[in-house]
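A short write-up of the structure that comes next.
Owing to the predicted nature of the structure, the values given are computational and were not obtained by experimental measurement. The analysis underlying the following values was restricted to heavy atoms, covering all of them including side chains, and did not include hydrogens, waters or symmetry mates.
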Amino acid sequence: MNQKIKNIIFDWDGVLVDSIDKMCEVNADTTSFKTKNEDYGNIFLGNSISYGEKNTDKKELNSFWKNWSIESQKIFPDKNIYKKLQDFKKKNNLKFFIISSNLEENILMSLKNADLEDIFEEVLGKDTHSLKTEKFKILENKFNTNSKNSIFITDSLGDIKEANEVSYKSIGVTFGVHKKEILEEGNPEKVFDSWDEIFNYLEKIV
Ligand SMILES: [Mg+2]
């Protein structure tokens, strides 16, 4: 029998906050990403930080992060979902983590503004490491997380690929940057369109 899931590792943007449209807007205003006039989702087909560094000059990238910080910290999580997450966590004795390509400060500020900072044991962002593969390992060294007792929830193919690299199972969600067909290219365990579906599935594996 499969080991029960004891840890849920969440991506932040596009999963726990509805931030993709705003990110796209700030990006279009401040940077010359090659994708400016293409599909914004291209940035997230691989590691988004590497993409930015490769395709944008340093000054513009700094400008993006500066403007994005201001906007990102203003985005409030949906309290309703968080209440459900909190209850689910408590009921099943789970641990919650965030690994993101956003800045830790932005995530922590957004959580603090909504009085939600206590739900997560750890928040690892761009400042800790640019690669999510490394962030999974950092969590392993600090907590008892591993690829068998943990599951990752994300909205992007790039994240699913990074999780695959370190043998973590992923759940893809379609309410962020990528649609189902794209997420499925990474062979996630499941792809869901709503939190109700996510909770139904999690009930079975925790
Ligand atoms: Mg995301």
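- For Lys6, the NZ atom sits in a packed shell: over 12 heavy atoms of surrounding residues, nucleotides or ligands are nearer than 6.0 Å.
- Remark: of the listed residues Phe143, Phe10, Phe152, Phe143 is the sole one forming a ring pair (Phe, Tyr, Trp, His ring centres under 6.0 Å) with Phe97.
- The pair Lys22-Glu25 meets the salt-bridge criterion, with a side-chain N (NZ, NE, NH1 or NH2) lying under 4.0 Å from an Asp/Glu carboxylate O.
- Residues forming a side chain to side chain donor-acceptor pair (under 3.5 Å) with Ser170 (at least two apart in sequence, or on another chain): none.
- Residue Leu157 belongs to a hydrophobic cluster whose other members are Leu45, Ile182, with links defined by side-chain heavy atoms closer than 4.5 Å.
- Taking the side chain as every heavy atom from C-beta outward, Ile171 and Leu202 approach each other to under 4.5 Å.
- Contact check for Trp12 versus Ile75: no side-chain heavy atoms found under the 4.5 Å cut-off.
- Not counting sequence neighbours, Ser130 has no partner by the side chain to side chain donor-acceptor pair (under 3.5 Å) test.
- In this structure, Trp195 and Phe199 have tilted ring planes: the angle between them lies in the 30° to 60° band.
- Sequence neighbours left out, the pairs with a member in residues 73-86 that pass side chain to side chain donor-acceptor pair (under 3.5 Å) are Glu71-Lys74, Gln73-Asn106, Lys83-Asp87.
- Using a distance-only test at 3.5 Å, with no hydrogens or angles considered, a donor-acceptor pair links the side chain of Lys135 to the main chain of His129.
- You'll find the side chain of Glu117 stays beyond 4.5 Å of the side chain of Leu108, heavy atoms only.
- Environment of CG in Asn113: crowded, with over 12 heavy atoms of neighbouring residues, nucleotides or ligands closer than 6.0 Å.
- Remark: the backbone N or O of Thr133 is paired with a side-chain donor or acceptor of Glu162 at under 3.5 angstrom.
- Checked against a 6.0 Å centroid threshold, the rings of Phe136 and Tyr168 count as neighbours.
- Using a distance-only test at 3.5 Å, with no hydrogens or angles considered, no donor-acceptor pair links the side chain of Ser48 to the main chain of Phe44.
- Dense packing is recorded around CG of Asn92, with more than 12 heavy atoms of other residues, nucleotides or ligands lying under 6.0 Å away.
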Could you tabulate the donor-acceptor pairs under 3.5 Å formed by side-chain atoms of residues 119-126, not counting sequence neighbours?
| from | atom 1 | to | atom 2 | distance (Å) |
| --- | --- | --- | --- | --- |
| Glu121 | OE2 | Lys89 | NZ | 2.6 |
| Glu121 | OE2 | Phe96 | N | 3.0 |
| Glu122 | OE2 | Lys142 | NZ | 2.7 |

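- Ser69 and Glu105 share no side-chain donor-acceptor pair at under 3.5 Å.
- With Asn27 contributing its side chain and Phe64 its backbone, the two residues share no donor-acceptor pair below 3.5 Å.
- Counting side-chain heavy-atom gaps under 4.5 Å among Ile, Leu, Val, Met, Phe, Trp and Tyr, the cluster of Val191 also holds Ile160, Leu183.
- In this structure the side chain of Ile8 never reaches within 4.5 angstrom of the side chain of Leu85, judged on heavy atoms.
- Checking side-chain atoms of Asn149 against main-chain N and O of Asn146 turns up a donor-acceptor pair under 3.5 Å.
- Looking only at side-chain heavy atoms (C-beta outward), Asp13 and Ser100 come within less than 4.5 Å of each other.
- Between Leu111 and Ile98, the closest side-chain pair of non-hydrogen atoms falls below 4.5 Å.
- Between the side chains of Ser72 and Asn102, at least one donor N or O sits under 3.5 Å from an acceptor N or O.
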